[in-house]
Amino acid sequence: MTQAIAAVGAGIGQMQTPGGSVGALQAQLQKCQNQLADWVGCPSGKTPQGQAKIQQIQSQTASIKAQLARIETQKARQVAAAQAGTNPAAAPASGSGSAAPSTAASGASIGGVVDTFA
């Protein structure tokens with residue numbers, strides 16, 4: 001188990017692609033936060049070398065947080081696009097029909113499935 005965690009955290013600076021898994025990024029973030037807490041709490045963190053190491057870990061942490069934010073934004077866009085793709089099918093093609101909105105309002109669209117039988 002320790003080896004697996006060490007292997008995940010070994011490539012902190014290497015995973016720069018947005019395709020990285022969320023779990024791996026979260027593990028790296030946790031490792032960076034633990035290292036940062038260790039460096040801030042130890043006496044050598046007060047030295048110029050320690051301060052440089054703290055800055056390095058803080059920048060790695062910020063980079064990982066930015067990657068996670070990009071992934072979350074991308075997921076939200078995909079969900080919104082998927083929902084936008086199903087909503088036009090439920091809306092009537094012309095303004096004369098009101099059956100589709102009442103069907104959607106009555107719960108006919110459960111789990112993202114649109115009932116188009118009218």
Side-chain angles (χ1 to χ4, degrees):
M1 178 75 176
T2 306
Q3 292 173 343
I5 293 173
V8 169
I12 290 176
Q14 296 172 356
M15 185 176 273
Q16 298 296 327
T17 62
S21 75
V22 174
L25 289 172
Q26 289 173 337
Q28 290 176 358
L29 179 62
Q30 185 63 42
K31 182 178 180 197
C32 284
Q33 289 172 338
N34 290 342
Q35 287 179 344
L36 184 61
D38 289 345
W39 274 97
V40 169
C42 77
S44 58
K46 311 278 187 272
T47 66
Q49 294 85 2
Q51 290 295 314
K53 185 67 175 177
I54 289 171
Q55 287 287 20
Q56 177 189 9
I57 296 170
Q58 287 174 334
S59 68
Q60 287 176 342
T61 301
S63 174
I64 293 168
K65 286 181 180 180
Q67 288 176 347
L68 286 169
R70 281 192 301 270
I71 290 171
E72 290 300 318
T73 301
Q74 183 180 16
K75 284 182 181 178
R77 286 182 183 162
Q78 288 174 348
V79 168
Q83 290 175 349
T86 57
N87 287 341
S94 65
S96 62
S98 63
S102 64
T103 304
S106 67
S109 177
I110 298 175
V113 177
V114 177
D115 186 1
T116 57
F117 182 70

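Each residue takes its place number in the sequence, starting with 1.
Contacts of Q26 classified as side-chain contact (heavy atoms from CB on, under 4.5 Å), with partners at least two apart in sequence or in another chain: V22, L68. For K53, the side-chain contact (heavy atoms from CB on, under 4.5 Å) partners are W39, Q56, I57, not counting sequence neighbours. Every residue meeting the side-chain contact (heavy atoms from CB on, under 4.5 Å) condition with Q58, not counting sequence neighbours, appears here in chain and number order: L36, I54, Q55.
Considering all non-hydrogen atoms of both residues, C42 and S44 come closest at SG-OG, 3.0 Å. What you find for C32 and Q60 is that their closest heavy atoms are SG-OE1, 3.8 Å.
Between the T73 side chain and the A69 main chain, a donor and an acceptor come within less than 3.5 Å of each other.
Atom CD of Q78 is separated from atom CD of Q74 by 5.0 Å, given to the nearest 0.5 angstrom. From Q28, atom CD reaches atom CD of Q33 across 12.0 Å, with rounding to the nearest 0.5 Å.
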